[in-house]
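Here's the structure, in structure tokens; my notes come after.
Just so it is clear: chains get the letters A, B, ... in the order the sequence lines come, proteins before strands, and each one is counted from 1. All heavy atoms count here, side chains included; hydrogens, waters and symmetry mates do not.
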Amino acid sequence: MNLVGGLNKEQQTAVSHRSGPLCVIAGAGSGKTRVITHRIANLIAHGVPPDAILGVTFTNRAAKEMQERVWVLTSGAGATLATFHGFCARLLRIEAEALGRRTDFTIYDSSDALDLVKSIVKDMNLDDDLASPWALAEFMSTKRNARPDEVPVWEGKRWPNADQDIAAFEKTYIRRLAESNAFDFDSLLTESVRMLETCPQVLARWQERLTHVLVDEFQDTNYPQYQLVKLLTAKSKNLCVTGDPDQSIYTWRGADPRNFDDFRRDYPSAVEVVLAQNYRSTNHILHCASAVMRTVAGRVPKNLWSELGDGEPVRIVRFTDDRDEASAVAQAVLEFEGDGFRRDQIAIMFRVNALSLPIERALLERGLRYRVLGGPEFFGRQEVKDLLGYLRLLANPLDAQALLRILNVPTRGIGDRTAESLATAARQQGRPLAELIAARAWPSTLTKRAQNSLNGFAALLDKLCDEAESAGPAAALDAVLSLTGYAEWWSGRSSRGHSQDPLRNIGQLLAFAREAEDAHKTDLRTFLEQTTLLTEREGSDQEKVTLLTVHSAKGLEYDAVILVGVEDDLIPHANARLSPGGLDEERRLLHVAMTRARKRLVLTVAGRRVRFGREQAALPSRFLRDLPSDAIESYGDDSPTYDFQEEEESKGSRLVRESSDDMDDPVLSVKPGTRVRHPDYGQGLVSRIRGRHLGLDASVTVNFADDSERTLILRYAKLTVIDESDHIAEVDF
DNA sequence: GCCGGGTGGGTTTTT
DNA sequence: CCCACCCGGC
């Protein structure tokens, strides 16, 4: 097979590069995946053993897709393609003993980790208003993902001895994790790195085993991830990184595009290739996507271009509220199909998961089938987590969090006090909780009643182990269900108040386990690993529209993309301004969303949106102003519809926030209801604004105190915004 | 110890 | 709105 045929010059350079460091800066849609898969195939064609090649991707979806493409290119010789977390789990399953750890560990997802944090906060008698478990979990994660010279400091609330308490908390967290024979997402990485750093034999073994490492989406790697691949390739130097700084959208979880700079510093002789030709989108789409990026600080300009022609203009459509938006979006799916778009080539994207609900309702009303990528998780549901808790305990009896979770589920008379004294006893004796239970070593302070309940539980666990200790996931789940009566317990409880039927989820979990066991011969431990490390479960489906967040859309492409909720406080998200560079990341996010579209791109805006159950006024995203007017087409009412009272309510805080840091736009601080002053006409109240986001000169209609109504061009009118607090903010138009 | 109802706050984004 | 948490009655 000719592996460089049909590739452009830069792509060929990257594909035929055989050894030594390589850096590929690949703009959106520039054929990056193609380059990686062809390069892997090319290495194999030149005699590199497939299992000596490791390709690290960002999502499991990407890993799977690349694996398939490599298979095709090499007629069945597959390299190892995995996510960082997946690879580390595999590495530790083999080598963890070098760290003094067991290889039959379980993996804690973020919510398991949060549970652990909560239980430590309780044990340490910390005030959880001050030491918020959520903030502590976040802090732990940030800290372990940070560069050594940029260790974060606690920015949460403070209390006397806060520093000591937090330090003690960190130590306890790490210890408890190890005692439970568990790794959380972060420690999978950091412990792998620590192992390679401290165990020369292990390092040597893997350096020999993996001669070529390729990293995809390098802009979204964090410090330990870069360390990991650097260690693995320290001898071979065959490290290839590909990515695009313009698509860096994960800095909030430690990703650091400065890894590109480090790579150049660490490998000064590296070959660097830039892919700028776009094979995906039409030029109108690309121009809009580039326009959004123009003001991003410290950016190396990269002009994407395409030979696919201008294509359709990007549509910007405004609706009065989110209901209108949702039904129009659902209607648009039908309309697009009429235009010849395949349903599985239409994606509806949103900044936050919450926006999918109204859309889903509208789709359901019309009987349009859809799938949600990621989303509020099946594996996060209580009933699913409970049952997996039992399975985890079977796979790893040391898993204290799993044990505590199911200790009284279904309820069996073991309350919090009993659980607590049991856990305390275990800690004091330095024995695992499971051991105490197996030995029926109840603290003598417990009542007879509690001890009876515990005896029952211990017997249940014994029976469960007998029946299911080395069973596959489905058989184990069957045993759990029949021995605990879990499903019956659920159906006995009042069924109202639960939006999604727990029994159905239980059935689905069982079906899932059965398929894993029967079709893929997955053992229990692997099954559990998949449920925590793998997020998607459905494959693509011709019959379905795809709903997904912009974050999970990374690396994907669709003929038509509808991005909903393109409003201030959503894109950019209200919280984005809290972190430095947050607004620029929001721009990159919008850029990523737009560049997913091949032929048709629609951005929708609602004037009112239900948030937290209350309807609130919304303004079009400030980013929309940057779109070139010759590449867009606007529909719908241009002036936002306001409920005047609500406007008054929210005005104060809005102005304060707006004036805080953002140079982005004075124009946005003027909206209907804003009080302004004009040097000639005096004070007035803005009633209407037109054209502000369309690359036109915005005009503003003001009712002045002398009862005159005037429409002025914002740019030329010498208007001054009058703040709530009567301070006068000078706004220079 | 169990459960259901009330209350208050809000976690953007994901491996 | 949806949840996590608290409280009071059983």
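The distance between atom CG of A:D112 and atom P of B:dT15, rounded to the nearest whole Å, is 15 Å. Following rounding to the nearest Å, A:F379 (CZ) and B:dT14 (C1') show an atom-to-atom distance of 15 Å. A:N60 has its CG atom 8 Å from the C1' atom of B:dT15, to the nearest Å. The distance between atom CG of A:N145 and atom C1' of B:dT14, rounded to the nearest whole Å, is 12 Å. Rounded to whole angstrom, the span from the CG atom of A:L373 across to the C1' atom of B:dT14 amounts to 13 Å. Nucleotide B:dG1 holds its P atom 15 Å from the CZ atom of A:F457, rounded to whole Å. As rounded to whole Å, 12 Å separates atom C1' of B:dT14 from atom CD of A:Q225. As rounded to whole Å, 18 Å separates atom C1' of B:dT13 from atom CZ of A:R587.
Of the two residues near DNA chain B, A:E586 and A:R449, the one whose nearest nucleotide lies more 5' is A:R449. Between A:A450 and A:L589, the one whose closest nucleotide on DNA chain B sits nearer the 5' end is A:A450.
Around atom CG of A:N452, more than 12 heavy atoms belonging to other residues, nucleotides or ligands sit under 6.0 Å away.
When distances run from any side-chain atom of A:Y250 to the nucleotides B:dG1, B:dT14, B:dC3, the shortest one goes to B:dT14. Comparing B:dT15, B:dG1, B:dT13 against the side chain of A:H551 picks out B:dT13 as the nearest. Among the nucleotides B:dT11, B:dG1, B:dT14, the one closest to any side-chain atom of A:W134 is B:dT11.
Side-chain nitrogen and oxygen atoms of A:T59 include none within less than 4.0 Å of the OP1 or OP2 phosphate oxygen of B:dT15. Phosphate proximity of B:dT13 to A:N575: absent, as no side-chain N or O sits under 4.0 Å from OP1 or OP2. Within the 4.0 Å cut-off from OP1 or OP2 of B:dT13, at least one side-chain nitrogen or oxygen of A:N353 is found. Proximity of A:T411 to the phosphate of B:dC3: a side-chain N or O atom is located under 4.0 Å from OP1 or OP2.
The aromatic ring of A:F612 is not stacked on the base of C:dC1, since the criterion of ring centres less than 5.5 Å apart with planes inclined by under 30° is not met.
A heavy-atom distance below 4.5 Å is found between the side chains of A:P245 and A:F260. Contact of the A:C88 side chain with the A:F183 side chain is not registered, since no non-hydrogen atoms from C-beta on lie closer than 4.5 Å.
Contacts of A:R449 classified as salt bridge (Lys or Arg N to Asp or Glu O under 4.0 Å), with partners at least two apart in sequence or in another chain: none. Shown here are the salt bridge (Lys or Arg N to Asp or Glu O under 4.0 Å) partners of A:R609, two or more places apart in sequence or in another chain: A:E325, A:E567. Scored by the side chain to side chain contact (heavy atoms under 4.5 Å, CB included) test, A:R258 finds A:R147, A:E150, A:D256, A:D261 as partners (sequence neighbours excluded).
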Contact list (N/O, under 3.5 angstrom) for nucleotides 5-8 of chain C vs protein:
unit_1, atom_1, unit_2, atom_2, d
C:dC5, OP1, A:K118, NZ, 3.4

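Looking at heavy-atom distances under 4.0 Å, A:R588 makes no contact with the nucleic acid at all. Among the heavy atoms of the strands lying under 4.0 Å from A:T418 are primed sugar atoms or P, OP1, OP2 only; no base atom is included. Within 4.0 Å (heavy atoms only), A:D416 reaches sugar-phosphate atoms of the nucleic acid but no base atom. Counting non-hydrogen atoms under 4.0 angstrom, A:R611 reaches nothing in the nucleic acid. Residue contacts shown for A:N408 are limited to sugar-phosphate atoms, with no base heavy atom under 4.0 Å away. As judged by a 4.0 angstrom heavy-atom cut-off over every strand, A:G613 is placed among the base-contacting residues. Contacts of A:F58 with the nucleic acid, taken as non-hydrogen atoms under 4.0 Å apart, involve only primed sugar atoms and P, OP1 or OP2.
A donor and an acceptor atom sit less than 3.5 Å apart, one in the side chain of A:S110 and one in the base of B:dT15.
Taking the six-membered ring where tryptophan is involved, the planes of A:Y250 and A:F58 are tilted, since the angle between them lies from 30° to 60°.
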* **Strand DNA chain B as a dot-bracket string - pairs counted if Watson-Crick or G-U with both distances under 3.5 Å, | where the partner lies in another strand** => ||||||||||.....
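Judged purely by atom type and a 3.5 angstrom limit, A:E585 uses its side chain to pair as donor or acceptor with the backbone of A:T251.
Using a 90° window around 0 for the glycosidic torsion, B:dT7 falls outside it and is classed as anti.
Applying the salt bridge (charged side-chain N to carboxylate O under 4.0 Å, His left out) test to residues at least two apart or on different chains, none of the pairs has a partner in residues 124-140 of chain A.
The distance between the ring centers of A:Y173 and A:F139 does not fall below 6.0 angstrom.
For the pair A:R253 and A:F185, the cation does not sit on the ring face, since its NZ or CZ is not both under 6.0 Å from the ring centre and inside 45° of the axis.
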